[in-house]
There are 2 protein chains.
Amino acid sequence: MLEARMPQGAILRKCIDAIKDLVTDGNFDCNDSGIALQAMDNSHVALVNLFLRASGFDPYRCDRNLTLGVNLGGFSKVLKCMGNDDVVTVKAEDDGDTVSLTFESKDGGRVSEFELKLVDIDSEHLGIPDTNYDAIVSMPASEFQRICRDLSVLGESVIIDVSKDGVKFSASGESGTGSITVKQGASVDKESEGTTINLNSAVQLTFSLKYLQNFSKATALADQVTLSLSADVPLLVEYTIGEVGYVRYYLAPKIGDEN
Amino acid sequence: MLEARMPQGAILRKCIDAIKDLVTDGNFDCNDSGIALQAMDNSHVALVNLFLRASGFDPYRCDRNLTLGVNLGGFSKVLKCMGNDDVVTVKAEDDGDTVSLTFESKDGGRVSEFELKLVDIDSEHLGIPDTNYDAIVSMPASEFQRICRDLSVLGESVIIDVSKDGVKFSASGESGTGSITVKQGASVDKESEGTTINLNSAVQLTFSLKYLQNFSKATALADQVTLSLSADVPLLVEYTIGEVGYVRYYLAPKIGDEN
DNA sequence: ACAAGGTTAT
DNA sequence: ATAACCTTGT
């Protein structure tokens, strides 16, 4: 059986909010190292990979490997019933057909119990090859979100252009064109507010803004986002959730002039 | 004639907002003790009872008993034209076909006058028997509202289960089941923030969440809500408006397995 | 920070 | 017609 208690339950809610618009149903693979979910998005264009380390829970217990197929819309609805500071406990029997969620207010005055029906999901578990990326950009997650939102006014696609001292995001459409350039090390007033670029070779790739906007739903989980790019390889957009785990999104670049 | 001046006019607006979604037209019965409205909701399932004491107005004058039939949607629209801190004066002639509303800003710098057409409403004035309830629960109004909203994502009905040391609200539906238990005396950090249970005998009754959510529109009027329950008797949901009066809602329990 | 209402975009 | 967003009040 699985029994995992997360003192900052809100993290779990934010994780599900960060992926539920991309993936309607997903398998949570639970083992002694933690809880992982990997799924293609509904239109099989992007890949989502969530991982929550066992050490992010207290306590964490998972005797046997378990796969919990969950409708993420329903999961999200249940998590909306949680108080903001609640402690969340996830439990599942080895052969049950439900997963149980318990929310407890910090003072213990309120206890909420929910049971979510499990669903069968046949998911191909794609291997993700380790890649040595040409360019790795870390920037404030909120800035990335803003850029995607702003450029989506202009067009469907964004060209991400990473060179030595900056990342340039540009889009164009009917009404005009625009670009936003973030310079390396800009606005390093506080830690984790700057932009750093790790470059092996300059890259210029085009991506769907709609997907990037969806990825940036994870902004609530992390101060920084990391974009890893290589020519002809899916972009990796990663949000690190403190010591607890991460959400990673993969998105293939648009090729040629398919707009 | 009626002439009733309410220094905190916003209370009147909140009262109407708290009932206008349930009742489209209602009779305001005015006499020297105050202003009362009693009406079945549009689908004749719930009963709404609003009372504003004469002492809640200053001054209050009502020479002869008057019944003012009002379309509450229109009333609400007019009240939306009021400033948040305005003083409201309600006036009606004995044989008029309108009611007049005056809004004055505290500093007297702005005076607004509205006239609302009266409508004829034939309303059966149901007697409400005094009941000795099996269980009386007082809890924070906002918490009750939150519980109704949360559980409504799961299903149409809520089972309210009152026992010695807690109230359990539970619901179930397609995607799963859930329950929220509030313990007696929990979180009594401040006055009027705790939950108290007055129990003669344990009760378990089922109600429509849609109606309870509608009742909880009165949350703006009071810190606490009181739920009074007895087997096979309508639930009473009461919001006390300071010294001014109250809004009471009555809702029959669902019986058997009608879901 | 939450909930309600209105407005707008799909 | 519905959903998402934005704004306002609690």
Side-chain angles (χ1 to χ4, degrees), chain A residues 8-11 13-14 17-18 20-22 24 42-43 73 76-86 103 105-107 110 112 142 145-146 148-150 152-156 173-175 208-211 213-214 216-217 219-220, chain B residues 8-24 72-86 88 103 105-106 139-153 180 182 187 189-193 209-225 237 239-242 244 247 249:
Chain A
Q8 300 176 64
I11 289 177
R13 191 193 52 218
K14 290 176 190 165
D17 282 345
K20 69 159 205 291
D21 292 335
L22 251 5
T24 50
N42 298 326
S43 34
S76 167
K77 278 180 192 165
V78 167
L79 288 168
K80 288 244 167 27
C81 304
M82 170 178 80
N84 229 341
D85 299 319
D86 282 5
F103 310 140
S105 61
K106 279 267 157 58
D107 64 12
R110 176 179 37 78
S112 309
S142 57
Q145 183 174 43
R146 186 82 201 301
C148 293
R149 198 185 73 207
D150 287 352
S152 68
V153 174
L154 292 174
E156 312 254 292
E174 309 274 294
S175 53
S208 153
L209 274 168
K210 192 179 106 233
Y211 281 95
Q213 277 196 279
N214 256 135
S216 69
K217 301 246 161 82
T219 300
Chain B
Q8 301 174 66
I11 289 177
L12 184 62
R13 192 193 52 217
K14 290 174 193 167
C15 286
I16 303 308
D17 281 347
I19 62 177
K20 68 159 205 291
D21 292 334
L22 251 5
V23 180
T24 51
L72 294 179
F75 197 6
S76 168
K77 279 179 191 162
V78 167
L79 289 168
K80 289 248 173 358
C81 305
M82 167 179 82
N84 228 342
D85 299 318
D86 283 4
V88 172
F103 309 141
S105 60
K106 276 269 158 58
M139 62 187 294
S142 56
E143 187 163 19
F144 177 65
Q145 183 174 45
R146 181 79 190 320
I147 288 169
C148 293
R149 178 177 57 94
D150 284 352
L151 291 182
S152 69
V153 305
I180 297 164
V182 182
S187 68
D189 309 349
K190 300 165 197 162
E191 276 185 41
S192 84
E193 283 206 355
L209 273 168
K210 193 179 105 232
Y211 281 95
L212 297 187
Q213 276 197 280
N214 257 134
F215 299 170
S216 69
K217 301 250 161 81
T219 300
L221 285 162
D223 291 331
Q224 294 269 127
V225 61
V237 179
Y239 295 83
T240 299
I241 311 164
V244 177
V247 197
Y249 304 92

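Computed from a predicted structure; not experimentally measured. Below, chains carry the letters A, B, ... as their sequence lines are ordered, and counting in each starts from 1.
Taking every heavy atom of both residues into account, B:A18 and B:L221 meet most closely at CB-CD1, 4.2 Å. Scanning all heavy atoms of the two residues, the minimum distance from B:L22 to B:Y249 falls at CD2-CE2, 3.7 Å.
Atoms CG and CD, on B:D85 and B:Q8 in that order, are 9.5 Å from each other to the nearest 0.5 Å. The distance from the CZ atom of B:F75 to the SG atom of B:C15 is 9.5 Å, given to the nearest 0.5 Å. The CD1 atom of B:I241 sits 7.0 Å away from atom CD1 of B:I11, with the distance rounded to the nearest 0.5 Å. How far NZ of A:K80 is from CZ of B:R146: 10.5 Å, rounded to the nearest 0.5 Å.
A:Q213 pairs by the side-chain hydrogen bond (donor to acceptor under 3.5 Å, both in side chains) definition with A:S152, not counting sequence neighbours. Among residues two or more places apart in sequence or in another chain, the side-chain hydrogen bond (donor to acceptor under 3.5 Å, both in side chains) test is passed with B:T24 by B:N42. The side-chain contact (heavy atoms from CB on, under 4.5 Å) check on B:A141 picks up B:T219, B:V225, B:Y239, with sequence neighbours excluded.
To the nearest angstrom, P of C:dC2 lies 7 Å from CZ of B:R146. B:E143 places its CD atom 16 Å from the C1' atom of C:dA3, with the value rounded to the nearest Å.
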Show me the protein contacts with nucleotides 5-9 of chain C, counting only N or O atoms at under 3.5 Å.
{"from": "C:dG5", "atom 1": "OP1", "to": "B:K20", "atom 2": "NZ", "distance (Å)": "3.4"}

Expected rows: protein N/O vs nucleotides 4-6 of chain D N/O, under 3.5 Å:
none

Tabulate atom names and distances for all N/O pairs under 3.5 angstrom spanning the protein and nucleotides 7-10 of chain D.
{"from": "D:dT10", "atom 1": "OP1", "to": "B:R13", "atom 2": "NH2", "distance (Å)": "3.4"}
{"from": "D:dT10", "atom 1": "OP2", "to": "B:N84", "atom 2": "ND2", "distance (Å)": "3.1"}

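Contact check, B:Q213 against C:dA3: no side-chain N or O comes under 4.0 Å of OP1 or OP2. In this model, the phosphate group of C:dA3 is approached by a side-chain N or O of B:R149 to a distance below 4.0 Å at OP1 or OP2.
Other residues, nucleotides and ligands place no more than 12 heavy atoms under 6.0 Å from the NZ atom of B:K77.
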